[in-house]
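As the structure is a computational prediction, the values presented were derived from the model and not from experiment. Along the sequence shown, residues are numbered consecutively beginning with 1.
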Amino acid sequence: MKGRKDVQQDHESKRLFQGILILTLSSVITKILSAVYRVPFQNIVGDVGFYIYQQVYPIYGIVMALSSSGFPVAVSKMVAEREAAGENSHRTFLNAVFLILGLFGSGLFLAVFFTAGKLAAWMGDPRLSPLIRTVSCSFLLMPLISAIRGVYQGQGRMVPTALSQVLEQTVRVAAILLLSFWLVRGGFSLYAAGQGAVFGSVLGGAVSAAVLVFYLVKGGRQEKAARLLEWNDVKQAARSLFCSGIAVCISSLVLVLFQFVDSLHLYALLKDAGWGAEAAKKLKGIYDRGQPFLQLGTVAASSFALNLVPVIALEYKKGRRKSLEIQGTGCFKNQHGDRRGRCSWTDWDHAVCQYDAV
């Protein structure tokens, strides 16, 4: 018969495993929406209109990567380590992280906004500059989204992240299709339709930020007031954020940076190869159709990693590294082990739920 401690651990294991499933499901839904909406969108604007949107999409993709699987993972690792040390209030820490990411995001916004003309010229299409300026506004939303998602993921609370991702993508897809249809139907240029689609992406990010702020305000009523932010808080958070977060951010940006390189060079190379401007745009639009499907295979793996990073950080901080390695290795070898010393999901979740129970 199970004791109270075993029952509590089983309950916490199930709750955290549900968090993994919720986050994985939200990521799958997000990727499916991101892939499927391109079919009606391409039918609305054609190959040239699709090319216009996809030329600036990688800039938005960079923001998405940083605010969904880049900085939030780094922040969640720091939060898990803080909870392992017995610190359960993160108000001051969140303020420090938001200040750092706010400066970083504002710098990226200014850099992209004021170099939009040069970027468009580099892409070989100066008419793209208004779209680049529009998408640069999404960098201003990145700090808020990244900081709040990171804190909740570090606490093992995946619902705010999952809900914000799904709502962001749903609003984004709806806005892109409605605005592009209305602008094309109204006789506006394809570049205006593309700018409307880009605005829809920024709008989706704003909805995501609003959802996360709602959760933060709702949950913040139970926390004690934050003390005044000191320079040491900012310095320590910046060191941890960028030292541990650079590798995570780079890994999350690999695919979207490939797309960005294509945006900078492919259209110009097609024209240099002798294709006319209109034909080159159509070819680039056709090429871009398959990009989202390249990312579908990484959804499950990245979702599990997103949840496990703070868990591993906490176990390592508590000095249970060897136990974590044994349980983790056994888990991946045999997910349905028996009770004769082989690992099962419950054993792995035992390492996970230690973090969730702190």
Worksheet item: Could you walk me through whether Leu257 and Ile62 pass the side chain to side chain contact (heavy atoms under 4.5 Å, CB included) check?
Response: CA-CA 8 Å; Leu257 287 178; Ile62 291 173; 4.2 Å; yes

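- Taking every heavy atom of both residues into account, Leu203 and Ala175 meet most closely at CD2-CB, 4.2 Å.
- Between Ser164 and Arg149 the shortest side-chain heavy-atom distance falls below 4.5 Å.
- Using a 4.5 Å heavy-atom cutoff, the side chains of Gln54 and Tyr57 are in contact.
- Around the NZ atom of Lys282, the shell of radius 6.0 Å holds no more than 12 heavy atoms that belong to other residues, nucleotides or ligands.
- Between Val135 and Ser138 the shortest side-chain heavy-atom distance falls below 4.5 Å.
- Nearest approach of Val256 to Pro58, heavy atoms of both residues: CG2-O, 3.4 Å.
- The shortest non-hydrogen separation linking Ser129 to Ala120 is N-CB, 3.7 Å.
- Clustering ILVMFWY residues whenever any of their side-chain heavy atoms sit less than 4.5 angstrom apart, transitively, puts Phe199 in a cluster other than the one holding Tyr60.
- Interatomic distance, OG of Ser146 versus CZ of Phe98, reported as 10.5 Å (0.5 Å rounding).
- Residues Leu190 and Tyr51 are not in side-chain contact: their nearest non-hydrogen atoms beyond the backbone lie 4.5 Å or more apart.
- Just one of Val166, Leu163, Leu167, Thr161 meets the side chain to side chain contact (heavy atoms under 4.5 Å, CB included) condition when paired with Ser26; it is Val166.
- For the atom pair Asp262 CG and Met123 CE, the distance stands at 11.0 Å (nearest 0.5 Å).
- The nearest pair of heavy atoms linking Ala193 to Val45 is CB-CG1, 4.4 Å.
- Scanning for side chain to side chain contact (heavy atoms under 4.5 Å, CB included) contacts around Trp275 gives Leu270, Ala273, Ala279, Ala280, Leu283, with sequence neighbours left out.
- Ring orientation note: the planes of His265 and Trp122 are nearly perpendicular, at an angle over 60° on the 30°/60° scale.
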Practice prompt. Could you walk me through whether Ile176 and Ser201 pass side chain to side chain contact (heavy atoms under 4.5 Å, CB included), step by step?
Written response: CA-CA 7 Å; Ile176 287 174; Ser201 297; 3.7 Å; yes

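- Ser180 places none of its side-chain heavy atoms less than 4.5 Å from the side chain of Phe188.
- For Tyr267, the side chain to side chain donor-acceptor pair (under 3.5 Å) test picks out no residue, with sequence neighbours left out.
- Contact record, Pro143 with Gly105: CG-CA, 4.3 Å, taken as the closest heavy-atom pair.
- Between Leu33 atom CG and Ile29 atom CD1 the span is 7.5 Å, to the nearest 0.5 Å.
- Taking all atoms of both residues into account, the shortest heavy-atom contact from Leu183 to Ala192 is CD1-O, 3.3 Å.
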Practice prompt. Go through Val173 and Phe41 one step at a time and tell me if the side chain to side chain contact (heavy atoms under 4.5 Å, CB included) criterion holds.
Written response: CA-CA 9 Å; Val173 168; Phe41 179 65; over 6 Å; no

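- No salt bridge links Lys284 with Glu278; every basic N to acidic carboxylate O contact stays at or beyond 4.0 Å.
- Tracing side-chain contacts under 4.5 Å through hydrophobic residues (I, L, V, M, F, W, Y), one reaches Phe114 starting from Met142; they form part of the same cluster.
- Under a 3.5 Å cut-off, the side chain of Ser263 and the backbone N or O of Gln259 do form a donor-acceptor pair.
- Transitive grouping of hydrophobic side chains (ILVMFWY, heavy atoms separated by less than 4.5 Å) brings Val198 and Leu119 into a common cluster.
- Side chains of Ile132 and Thr115 form no contact here, defined as non-hydrogen atoms less than 4.5 Å apart.
- For the atom pair CG of Leu66 and CG of Leu108, the computed distance is 7.5 Å after rounding to the nearest 0.5 Å.
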Worksheet item: Please walk me through it: do Phe139 and Phe104 pass ring pair (Phe, Tyr, Trp, His ring centres under 6.0 Å)?
Response: CA-CA 9 Å; Phe139 283 106; Phe104 182 70; 8.4 Å; no

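- Residues Val207 and Leu179 do not share a hydrophobic cluster, defined by chaining ILVMFWY side chains whose heavy atoms lie under 4.5 Å apart.
- When each of Arg172, Gln42, Gln169 is paired with Tyr37, the side chain to side chain donor-acceptor pair (under 3.5 Å) condition holds for Arg172 and for no other.
- In this structure the side chain of Leu144 never reaches within 4.5 angstrom of the side chain of Leu212, judged on heavy atoms.
- Follow the hydrophobic side-chain contacts under 4.5 Å out from Val159 and you reach Val217 in the same cluster.
- Annotation: the span from Leu141 atom CG to Glu168 atom CD amounts to 8.5 Å, rounded to 0.5 Å.
- In this structure, Tyr191 and Asp125 have side chains that are in contact, with non-hydrogen atoms separated by less than 4.5 Å.
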Fill in: Check against side chain to side chain contact (heavy atoms under 4.5 Å, CB included), Ser106 and Leu140
CA-CA 6 Å; Ser106 298; Leu140 297 175; 4.2 Å; yes

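- Note that CD1 of Ile59 and CE of Met64 are 15.0 Å apart. Values are rounded to the nearest 0.5 Å.
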